[in-house]
Amino acid sequence: MLKPLVVANWKMNPATSREAKKLFEVTKKAAAKARTITLVVAPPALYLRELAKGRAGGRVSFCVQSAEASAGGAHTGEISMRQAKDAGASYALVGHSEVRARGMSNTDAGRQVAAALAANMRPILCVGEAKRSPSGAHFAFVAEQLKAGFEQVPASKLSDIIVAYEPVWAIGGEETMSPREMHEMAIFIRKTIVETHGPKGISTRVIYGGSVNEDNADEMLRDGDVSGILVGHVSVDVARFTALLSTLSNI
Ligand code: PGA
């Protein structure tokens with residue numbers, strides 16, 4: 001069985017490289033004790049190379065928070081998947097809701113997934129609706145995001161992609177969606193990928209993000225039908241993230 005994946009999304013934190021190194025040292029120590037999980041740290045891209053140098057002996061991989069599909073050229077302010085890989089990232093978040101809110105489209109997400117695979121990185125495609133409706137329109141919304149995100153992915157590459165379901169309404173607080181509802185969504189995600197990519201889609205890795213903390217991570221991993229979690233604000237709080245990882249030692 002795959003070890004649960006814990007992705008620490010630092011977002012635009014911390015403020016200096018010095019603080020980032022400190023945070024990474026503590027994170028690395030906590031990860032060394034948490035042998036039951038695979039830890040992936042997603043720092044601001046500027047810190048990737050330096051932190052990756054300090055990973056020696058640690059069991060941590062790195063992830064870029066966002067990178068462009070183009071290989072190079074006139075894209076002021078952007079970085080490419082290849083550049084992120086060169087700096088030490090082996091995973092790439094694609095389509096985080098905070099990036100989508102700045103204008104990224106479903107088609108862009110599909111291109112970035114393909115570019116990450118081409119750079120030998122594992123894309124973590126983020127999907128999730130802004131609000132839920134009793135009519136179930138959120139399922140159609142997520143299906144659209146998945147179809148576009150997987151459009152250029154051959155069935156042989158399915159095991160390299162991770163889908164992170166992050167309902168936007170559940171991000172940034174202290175309460176996740178219910179594991180039962182996550183279970184329902186995980187089934188829907190796999191079913192959608194089976195429809196477009198055939199039976200192999202059933203084994204697509206699905207993880208959950210949105211207000212995961214030291215009190216709810218364990219329950220989500222046990223009952224939410226997910227094989228990982230994406231942790232935002234709690235991952236930059238040393239005490240809370242260490243506590244979170246230690247609750248997973250019996251998973
Ligand atoms: P949160 O963020 O854990 O602060 O809710 C999760 C995310 O946006 O990836």
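In this chain, numbering begins with 1 at the start of the sequence shown. Just follow the structure's listing: the first ligand is 1, and inside any ligand the first atom is 1.
- The proximity of Asn9 to ligand 1, defined as any non-hydrogen pair under 4.0 Å, is limited to the side chain.
- A donor-acceptor pair shorter than 3.5 Å cannot be found between the side chains of Glu195 and Thr192.
- Here is the list of ligand 1 atoms found below 4.0 Å of a heavy atom in Leu230: 9 (O).
- Summary of contacts: the protein heavy atom closest to atom 6 (C) of ligand 1 is Glu166 OE2, 3.5 Å.
- When the side chains of ILVMFWY residues are joined at heavy-atom separations under 4.5 Å, either directly or via intervening members, Val94 and Val64 end up in a single hydrophobic cluster.
- For the residue pair His96/Glu166, the side-chain donor-acceptor check at 3.5 Å is satisfied.
- Side chain to side chain, Thr204 and Arg190 fail the donor-acceptor criterion of an N or O pair below 3.5 Å.
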Go through Phe62 and Tyr47 one step at a time and tell me if the ring pair (Phe, Tyr, Trp, His ring centres under 6.0 Å) criterion holds.
-> CA-CA 11 Å; Phe62 289 94; Tyr47 303 150; over 10 Å; no
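- Contact analysis puts Gly210 in contact with ligand 1, with a non-hydrogen atom separation below 4.0 angstrom.
- Heavy-atom contacts of His233 reach the following atoms of ligand 1: 1 (P), 3 (O), 4 (O) (cutoff under 4.0 Å).
- Taking a cut-off of under 4.0 Å to the non-hydrogen atoms of Ile171, the atoms of ligand 1 that pass are 2 (O), 5 (O), 8 (O).
- The protein atom (non-hydrogen) at minimum distance from atom 2 (O) of ligand 1 is Lys11 NZ, 3.2 Å.
- For ligand 1 and Gly232, the ligand atoms under 4.0 Å from any heavy atom of the residue are 1 (P), 2 (O), 3 (O), 4 (O), 6 (C).
- Judged by distance alone, the side chains of Tyr165 and Glu129 do bring a donor and an acceptor atom under 3.5 Å apart.
- A donor and an acceptor atom, one from each side chain of Asn106 and Glu144, are nowhere located under 3.5 Å apart.
- Of all atoms in ligand 1, numbered sequentially from 1 with element shown, those under 4.0 Å from a heavy atom of Gly172 are 1 (P), 4 (O), 5 (O).
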